[in-house]
Amino acid sequence: MVEIRLTNTRTRKKEVFEPLDAGNIRLYLCGPTVYDRAHLGNARPVLVFDVLVRLLHHVYGADRVTYVRNFTDVDDKINARAAETGRPIREITEETIQWYHDDMDALGALRPDHEPRATDYIVQMIAMIQKLIESGHAYAAEGHVLFDVRSYPDYGKLSGRSVDDMIAGARVEVAPFKRDPMDFVLWKPSSDDLPGWDSLWGRGRPGWHIECSAMSEALLGPSFDIHGGGIDLQFPHHENEIAQSCCAHPKADFARFWLHNEMLQVEGKKMSKSLGNFFTVRDLLDRGVPGEVIRFVFFQTHYRKPMDWTEEKREAAVQRLNKWATLKRNSLSDSERSFDGSMVDETVLEALGEDLNTPAVLTRLFSMEREIMSSTKQDTEIALSFFDTLQFLGFADLDTQRLYRERAVRKAIDTTAMIEALLAARTDARKARDFARADAIRDGFAAAGVEVKDTPQGAEWSLAPGFDAARLAELARMQGS
RNA sequence: GGUGGGUUGGCGGAGAGGUUACGCACCGGAUUGCAAAUCCGUGAAGACCGGUUCGAUUCCGGUACCCACCUCCA
């Protein structure tokens, strides 16, 4: 069995992962606040957890893993969006959830087992808040309920800071009703025009952090295996979750492993809404960048390192996936066959087990690719394992040309037949030693964005990113094919 | 000011106290009507200064620079 080692932010060490219950491994990932399209940075924790979940499925069995990712559907950003647009909150959150599903599906990310919405767990949140008040960790003041950070000695442990240090250097909102400037809101009052629920403290809505504490407990129990999110959530969000959950359940562990991914950057800067340098997953998909390509680029950088999204990487990923698609066509007798994960490469699994080392996974894939390239037989063990492994990693569909093809189909041009006819014409020309015509076809392909490679077994082709169906049609007409 | 992380060959990017990372690009060779692809091969690194060690890019300390968090953010 593959040993899984993960860097635990809580201990700042790489530790061997041992499930609390090997029959039910439980993970929680902080999901999106649903008021807008997911930007590219939002995809990073999703892909990190996707790889982790796939590994756990493989090692322990898919039915022994419970993966939860929430939707935050009550938040002031959502309220603001509703006020701006005049649309009902529910309409905005429903639409955004649909978008999120569409976009993450396109990246090949598995859906979690549970996707709880905060508004469905208000009762549990209120119960937890009450419990915290009863145990002296929280207090009500002026319609608010606040968590008393001084009541929890370990506050700041996850992020390695002390309450005193934080107060010393930082700007903190000093509301007059706070006992300590670092105390954070569990519940706040809502005016009539804002979403609100009745509670012992009046009509109000939850603070941001309590939902994750309440939902993880409801779905995974007070102790579970792995909790994750972006490194920017380490403080204050995760610190506050720990404070809430551990004070509500002093005997439980809450999350034993904390995984944090580094930020995604663009031009060396963090991608963020406030800097305005962000773009969405949908922007890329609409530009014709397939989800597999985005996935591949993310795999190139270890999750705990900052990752720069660049056009150069995007292009390199397209080339590589094209190569794999061609390899699949040529090395398997039936390129449409399905794989069941029984031949996933051991070295790849070991690399994933070593703190989800996806760059090392790619290294191994390159070496497998090399082996297949140099073998002439079809359906060799290594080829079968390679494509089974790719499927396991979420690269089931290597068709990066799908989007170009779809465009061509809309124009009612049968590109495949056209290309094959032109290739046949070129072969005839070469046999007849009519090199001028052979070169004209070759150059025409290049101009239309069709890449042709001659192999001992015959010509192979693929569509380049700049594929132009109209120019291909023009070439076919000129050559009379 | 506090906290955490980083600095590797032209570019991207890992692991390991001592043996080729790997990919892209480049160069040489094979192959090809030409080319592409493919195959074989060469070269190229570890911010700076100290320390530990038989030996450090890898461990420890310091310096410089970069990034993030401390405020909504994955």
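Letters A, B, ... mirror the listed sequences (proteins, then strands); counts begin at 1.
The phosphate of B/C69 (OP1 or OP2) has no side-chain N or O of A/Ser159 nearer than 4.0 angstrom. Distances shorter than 4.0 Å separate none of the side-chain N or O atoms of A/Lys313 from OP1 or OP2 on B/G23.
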Polar pairs (N or O, both sides) under 3.5 Å between protein and nucleotides 31-33 of chain B?
residue, atom, partner, partner atom, Å
B/G33, N1, A/Asp439, OD1, 3.0
B/G33, N2, A/Asp439, OD2, 3.1

Hey, what are the protein-to-nucleotides 58-61 of chain B N/O distances that come in under 3.5 Å?
none

I'd like a list of close polar pairs between nucleotides 41-44 of chain B and the protein, N/O only, cut-off under 3.5 Å.
none

Would you tabulate the pairs of protein nitrogen or oxygen atoms and nucleotide nitrogen or oxygen atoms of nucleotides 6-11 of chain B closer than 3.5 angstrom?
none

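Heavy atoms of A/Gln300 sit under 4.0 angstrom from primed sugar atoms or phosphate atoms, though from no base atom. Looking at heavy-atom distances under 4.0 Å, A/Lys323 makes contact with sugar-phosphate atoms alone, never a base. Residue A/His237 is classed as having no contact, given no heavy-atom separation below 4.0 Å to the nucleic acid. Looking at heavy-atom distances under 4.0 Å, A/Thr310 makes no contact with the nucleic acid at all. Nucleic acid contact for A/Gly229: sugar-phosphate only, since backbone atoms but no base atoms lie under 4.0 Å from a heavy atom of the residue.
Electrostatic pairing of A/Asp76 and A/Arg205 counts as a salt bridge here, judged by a charged N lying under 4.0 Å from a carboxylate O.
Residues satisfying the salt bridge (charged side-chain N to carboxylate O under 4.0 Å, His left out) criterion with A/Glu95, sequence neighbours excluded, are A/Arg87. For A/Thr280, the side-chain hydrogen bond (donor to acceptor under 3.5 Å, both in side chains) partners two or more places apart in sequence, or in a different chain, are A/Asp283. Not counting sequence neighbours, the partners of A/Cys247 by the side-chain contact (heavy atoms from CB on, under 4.5 Å) test are A/Leu132, A/His137, A/Phe147, A/Tyr152. The side-chain contact (heavy atoms from CB on, under 4.5 Å) test applied to A/Glu94 returns A/Arg90, A/Arg117, not counting sequence neighbours. Taking A/Gln98 as the reference, A/Asp102 meet the side-chain hydrogen bond (donor to acceptor under 3.5 Å, both in side chains) condition, with sequence neighbours excluded. For A/His101, the ring-ring contact (aromatic ring centres under 6.0 Å, His included) partners at least two apart in sequence or on another chain are A/Phe71.
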Reading 5' to 3' and counting Watson-Crick or G-U wobble pairs with both distances under 3.5 Å, write the dot-bracket notation for RNA chain B, | for bases paired outside the strand. (((((((..(((.....[...)))..((((.......)))).....(((((..]....))))))))))))....
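Aromatic pair A/Trp324/A/Phe386: ring centres closer than 6.0 Å.
The side chain of A/Trp208 approaches B/C72 more closely than any other nucleotide in the set B/A21, B/G23, B/C72. Comparing B/A21, B/C73, B/A14 by their nearest atom to the side chain of A/Thr363 picks out B/A21. Listed nucleotides B/A14, B/C24, B/A68 differ in distance to A/His302; the shortest reach to its side chain belongs to B/A14.
Here, B/G13 and B/U52 have their P atoms 35 Å apart, quoted to the whole Å. The separation of B/U42 from B/A30, taken at their C1' atoms, amounts to 15 Å, rounded to a whole angstrom. Nucleotides B/U20 and B/A14 place their C1' atoms 14 Å apart, quoted to the nearest Å. B/G46 and B/G12: their C1' atoms are spaced 15 Å apart (whole Å). Between B/C65 and B/U8, the two C1' atoms lie 16 Å apart (nearest whole Å).
Shown for residues 3-11 of chain A: no residue has heavy atoms falling under 4.0 angstrom of RNA chain B.
For the pair A/Arg26 and A/Tyr67, the cation does not sit on the ring face, since its NZ or CZ is not both under 6.0 Å from the ring centre and inside 45° of the axis. Figure legend: cation-pi geometry between A/Arg44 and A/Tyr303 absent, as NZ or CZ is not positioned both under 6.0 Å from the six-membered ring centre and within 45° of its axis.
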Should A/Arg81 and A/Ile78 be marked as a side-chain contact (heavy atoms from CB on, under 4.5 Å) after you check the CA-CA gap, both sets of side-chain angles, and the distance that decides it? CA-CA 5 Å; A/Arg81 181 60 53 98; A/Ile78 303 172; 5.6 Å; no
